[in-house]
Number of protein chains: 2
Amino acid sequence: MGQNSFYGYGQKKITIDDVANALGVSKTTVSRAVSGKGRVGESTRNRVLNYIAENNYKPNLIAKSLAESKTFNIAVVIPGDYNLVDLPFFQKCLMGISEFASTFNYDVLMCVCYENDLSQLERIIDNHKVDGVILTRTLVDDKPEKYLIEKGVPFVVIGTSLNDDVIQVDNDHRSACKELTSLMLMKGYKRIGLIGGDESHIVTLSRYSGYKDALLETGISVDKQIVHLNVLTSIVAEKSALELIDKHVDAIICMDDTICSYVLKTFYSKGIRVPEDVKLLSFYNSMILENRNISITTLQFDVKELGVETCKVLINYLNGIEIEKKTLLKYEVILKESTK
Amino acid sequence: MGQNSFYGYGQKKITIDDVANALGVSKTTVSRAVSGKGRVGESTRNRVLNYIAENNYKPNLIAKSLAESKTFNIAVVIPGDYNLVDLPFFQKCLMGISEFASTFNYDVLMCVCYENDLSQLERIIDNHKVDGVILTRTLVDDKPEKYLIEKGVPFVVIGTSLNDDVIQVDNDHRSACKELTSLMLMKGYKRIGLIGGDESHIVTLSRYSGYKDALLETGISVDKQIVHLNVLTSIVAEKSALELIDKHVDAIICMDDTICSYVLKTFYSKGIRVPEDVKLLSFYNSMILENRNISITTLQFDVKELGVETCKVLINYLNGIEIEKKTLLKYEVILKESTK
DNA sequence: CTGAAAGCGCTTACAG
DNA sequence: CTGAAAGCGCTTACAG
């Protein structure tokens with residue numbers, strides 16, 4: 001007992017056999033009527049469909065999985081790195097993915113991967129628990145990506161991959177950062193500082209490219225002294241912010257809201273005023289920057305939509321429907337007080 | 001093709017039959033050696049174990065599921081309500097749950113439920129895709145809870161349930177709020193305002209109880225004028241904060257960090273100083289309150305640990321191991337500038 | 001249009 | 001200690 005005592009959740013489930021017997025037809029016929037595959041007589045089909053609706057028959061997905069060699073599950077890989085755990089980004093992605101998946105009767109399996117520990121992913125793949133995988137970020141040297149390619153597992157990444165064979169869905173961070181930069185340039189601010197995160201994250205590189213694009217188009221050369229990447233801690237961010245002020249920047253673009261919150265705090269404690277002394281821009285319209293003393297001009301991505309689109313691509317791919325190799329989603333610029 | 005072309009992820013999986021044939025034993029024997037259930041000769045067992053290790057045999061979990069009527073999946077229900085989506089709480093819970101589950105070879109299935117839409121949960125239960133469920137919050141009138149009881153599905157809640165039959169794991173919010181209140185009382189501040197969220201969330205009621213406990217122990221009666229519950233929007237929060245100031249409170253306890261951020265912003269714009277004019281306390285040591293101009297005295301719960309413990313209880317329960325009906329986890333008080 | 005039968009890869013009484 | 005066989009609940013060639 002014990003282990004199985006819960007099975008059926010207390011109520012016996014009716015099987016395809018029960019339906020077939022009750023109706024005096026074969027399981028084959030029931031199966032065909034339910035799945036819609038294969039020919040069944042109009043009237044037979046209706047009898048079956050009515051019966052299962054009335055008697056609340058639900059096919060056992062596990063049995064179906066075994067017979068079809070499909071699981072109707074997808075795994076979503078979330079990075080477990082401490083400083084990313086708090087970001088609302090991944091949670092919102094998950095919501096979108098899960099919403100779309102469930103309308104197609106797929107389920108979403110959580111999978112946390114760490115820099116040096118893919119064991120959760122490996123276990124899921126070894127156990128054949130999913131039909132495909134979504135990676136929620138991309139790295140320059142991406143271990144989960146490599147692993148999945150090696151194993152031949154179908155997957156889609158949220159983000160941009162250096163490998164063109166990888167199916168990818170992303171917001172257009174390059175254009176977005178270019179637009180943010182151009183916005184400042186058009187207002188006549190020529191010295192624009194940039195503070196960004198980990199260079200091993202491809203998104204950091206994309207943003208940096210967009211920044212350079214904007215400058216070069218305007219004929220301004222990039223001053224590497226006011227571009228600070230790999231800013232990962234509050235201490236480095238503080239140092240970086242003050243250094244940019246020393247270098248007389250007109251504006252600072254922060255590549256994420258956490259960095260921006262560090263910068264804001266530093267400025268507050270040093271009496272540097274935004275936007276009077278320096279303009280400030282950030283990348284997500286997230287709650288990290290909400291309800292501050294000053295509102296920050298940022299980009300806005302529809303992250304839930306990003307999840308939805310990605311899941312759509314993966315499920316289409318799994319079902320042999322043609323898809324785009326690369327999907328780029330839009331963004332909006334939200335103008336607020338910090339650039340006034 | 002199409003649908004099945006991905007199966008096997010490109011590499012044929014070796015089955016129990018292959019192992020049995022290669023070793024000249026029966027499937028039964030292999031099964032027993034692998035599962036550890038049933039008697040197998042010492043040497044036979046070792047032969048099997050060596051072979052599967054060398055040839056990287058992994059039992060097909062789907063087949064095992066069908067045979068055992070178990071899925072090795074648990075569902076975690078996350079509320080989809082807009083204003084909760086952003087809270088790091090649920091994400092951290094998920095991380096803890098997923099971490100524990102995977103060490104026991106269980107997987108975690110995401111399930112988003114809305115106030116009036118349990119369809120994701122219903123689908124998962126109807127399809128028998130999980131062995132049990134974790135609810136990540138509790139309401140006074142809890143629809144998912146009722147649904148699961150009705151269906152006879154094993155589940156555990158994170159939070160406190162009004163139904164004593166429900167297995168629950170929670171941080172001790174009542175004691176925590178009592179301690180926060182007592183802390184102010186001991187410093188001689190007798191007028192303590194309370195701003196809280198939705199009264200239909202049991203956690204709100206627990207906190208309120210703790211607040212009352214502390215006051216009553218000190219012989220102070222509760223002044224309902226300075227207790228504001230159901231504060232759900234920034235507008236109401238602002239109004240509430242100013243009203244408390246009008247009523248000359250010495251301190252304000254906010255039941256969550258979002259509320260506290262609204263209060264902070266209101267005070268800043270009105271020139272009300274913390275802690276000089278009023279002390280301020282909040283409930284989570286979350287990033288919402290990080291990098292503000294002032295640091296806030298809060299409670300600290302180990303939310304990931306909460307997830308781990310809950311998952312442990314559920315998995316033990318599913319496997320017939322004795323468990324506590326109610327587990328209460330600790331908290332810490334983090335003293336910061338806002339109560340100096 | 002419909003059905004009998006084999007098969008998906010396991011587990012587990014039952015028998016020896 | 002070990003194995004042949006039935007069964008979990010579906011799907012799907014194959015035959016009619």
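Values reported hereafter were calculated over all heavy atoms of this structure, with side chains retained and with hydrogens, waters and symmetry mates removed.
Here B/S31 lies in heavy-atom contact (under 4.0 Å) with a base. In this structure, B/S65 reaches neither bases nor backbone, as no heavy-atom distance under 4.0 Å exists between it and the strands shown. Here B/S35 lies out of heavy-atom contact (under 4.0 Å) with every strand.
The distance from atom CD1 of B/I62 to atom C1' of C/dG7 is 16 Å, rounded to the nearest whole Å. Rounded to an integer number of Å, the gap from CG of A/N60 to P of C/dG9 is 17 Å. Rounded to whole Å, atom C1' of D/dC8 lies 15 Å from atom CG of B/L61. Rounded to an integer number of Å, the gap from A/K129 NZ to C/dC10 P is 15 Å. Rounded to a whole Å, the CZ atom of B/R45 is 13 Å from the C1' atom of D/dT2.
Between B/K27 and C/dT11 there is no side-chain N or O to OP1 or OP2 distance below 4.0 Å. At least one side-chain nitrogen or oxygen of A/S26 sits closer than 4.0 Å to the OP1 or OP2 atom of C/dG3. A close approach under 4.0 Å does not occur between any side-chain nitrogen or oxygen of B/T28 and OP1 or OP2 of C/dT12. The phosphate of D/dC10 has OP1 or OP2 within less than 4.0 Å of a side-chain N or O from A/Y57. At least one side-chain nitrogen or oxygen of A/K37 sits closer than 4.0 Å to the OP1 or OP2 atom of D/dT12.
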Starting from the C-alpha separation in whole Å, work towards a yes-or-no answer on side-chain contact (heavy atoms from CB on, under 4.5 Å) for B/L135 and B/L148. CA-CA 10 Å; B/L135 262 29; B/L148 293 173; 3.8 Å; yes
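The gap from the C1' atom of C/dT12 to that of C/dG16 amounts to 16 Å, rounded to the nearest Å. Across the P atoms, D/dT2 and D/dA6 are found 23 Å apart, a figure rounded to whole Å.
Distances from the side chain of B/R39 to the nucleotides C/dG9, D/dC1, D/dC10 place D/dC1 closest. Among D/dG9, D/dT11, C/dT11, the nucleotide with an atom closest to any side-chain atom of A/K64 is D/dT11. Out of C/dG9, D/dA5, C/dG3, the shortest distance to the side chain of B/L66 is found at C/dG9. In the set C/dG9, D/dG3, D/dC1, D/dC1 carries the atom at the smallest distance from any side-chain atom of B/T44. Comparing D/dA13, D/dC8, C/dC8 against the side chain of A/R32 picks out D/dA13 as the nearest.
Among A/V76, A/V77, A/L314, A/L109, the one residue that satisfies the side chain to side chain contact (heavy atoms under 4.5 Å, CB included) test with A/V133 is A/V77.
Of the two residues near DNA chain C, A/V25 and B/P59, the one whose nearest nucleotide lies more 5' is A/V25.
With a 3.5 Å ceiling on both atom-pair distances, C/dA13 lacks any Watson-Crick or G-U wobble partner.
The closest side-chain donor-acceptor pair between B/T327 and B/E309, if any, does not fall under 3.5 angstrom. Judged by distance alone, the side chains of A/S31 and A/T28 never bring a donor and an acceptor atom under 3.5 Å apart. At a cut-off of 3.5 Å, with distance as the only test, no side-chain donor of B/T15 or B/D17 sits close to an acceptor on the other residue.
Taken from CD1 in A/I78 to CE in B/M110, the straight-line distance is 8.5 Å, to the nearest 0.5 Å.
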